Amino acid sequence: MLKILRNGQADLIDAMQRDSTLLVQAQKLIKTYSLDEMTNNILFILLQQEIFGNQYERISDEELSKVINTTRYKLDQGMRRLIKMNLVKQVGKSPKIHVISDSLKEKLAKK
């Protein structure tokens, strides 16, 4: 029984270390783009969601605007910029939901 628990904890520690490394890589990747602070925050949260989150529980744009303390109008402006740069894509309309793009996932995996 203890061996099962120990192996489970080891697997969890490995996963957390891998995810933490990905998060550091995500921060470095974001710095390569010339983004304003709000757009940078949007992208960082969406990358965190990709790394640590569940694909079935995505953050809506409304929730995201509350998290980064901005208006929906300004959030929409930032999202349009990120879409134009091919860094995010819209996956839901009601509620409106965005995730990182496949090309950004590939860049993160290469780092």
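For reference, positions follow the sequence shown, starting with 1. These numbers were taken from a predicted model, which means no experiment stands behind them.
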4.5 Å side-chain heavy-atom contact, [X] and [Y]:
{"X": "Lys96", "Y": "Glu62", "result": "no"}
{"X": "Arg81", "Y": "Leu35", "result": "yes"}
{"X": "Val88", "Y": "Ser101", "result": "no"}
{"X": "Phe44", "Y": "Leu23", "result": "yes"}
{"X": "Asn40", "Y": "Lys31", "result": "no"}

So how far is it from [X] [atom1] to [Y] [atom2], rounded to the nearest 0.5 Å?
{"X": "Glu50", "Y": "Leu22", "atom1": "CD", "atom2": "CG", "answer": "9.5 Å"}
{"X": "Ile42", "Y": "Asp36", "atom1": "CD1", "atom2": "CG", "answer": "8.0 Å"}
{"X": "Gln49", "Y": "Glu57", "atom1": "CD", "atom2": "CD", "answer": "10.0 Å"}
{"X": "Lys66", "Y": "Asp61", "atom1": "NZ", "atom2": "CG", "answer": "12.5 Å"}
{"X": "Gln25", "Y": "Ile51", "atom1": "CD", "atom2": "CD1", "answer": "8.0 Å"}
{"X": "Leu104", "Y": "Leu46", "atom1": "CG", "atom2": "CG", "answer": "9.5 Å"}

How far apart are the closest heavy atoms of Arg72 and Ser65, and which atoms are they?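 Shortest heavy-atom separation between Arg72 and Ser65 comes out as CD-OG, 3.6 Å.
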Donor-acceptor pair, distance only, cut-off 3.5 Å: does the side chain of [X] make one with the backbone of [Y]?
{"X": "Thr21", "Y": "Gln17", "answer": "yes"}
{"X": "Gln9", "Y": "Arg6", "answer": "no"}
{"X": "Ser103", "Y": "Asn86", "answer": "yes"}

Please identify which of these residues, Arg58, Met79, His98, meets the side chain to side chain contact (heavy atoms under 4.5 Å, CB included) condition with Leu64.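 For Leu64, the side chain to side chain contact (heavy atoms under 4.5 Å, CB included) test succeeds with only one of Arg58, Met79, His98, which is Met79.
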More than 12 heavy atoms from other groups under 6.0 Å of CD on Gln90: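 Counting other residues, nucleotides and ligands, CD of Gln90 exceeds 12 neighbours.
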Restricting to side-chain hydrogen bond (donor to acceptor under 3.5 Å, both in side chains), what partner residues turn up for Asp102, sequence neighbours left out?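 Residues passing side-chain hydrogen bond (donor to acceptor under 3.5 Å, both in side chains) with Asp102: Lys89.
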Does Lys74 have any salt bridge (charged side-chain N to carboxylate O under 4.0 Å, His left out) partners at least two apart in sequence or in another chain, and if so, which?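 If we apply the salt bridge (charged side-chain N to carboxylate O under 4.0 Å, His left out) test to Lys74, skipping adjacent residues, there are no hits.
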What's in the same ILVMFWY side-chain cluster as Val91, cut-off under 4.5 Å, chained through other members?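 Ile97, Val99, which link up through side-chain heavy atoms under 4.5 Å apart, make up the rest of the cluster.
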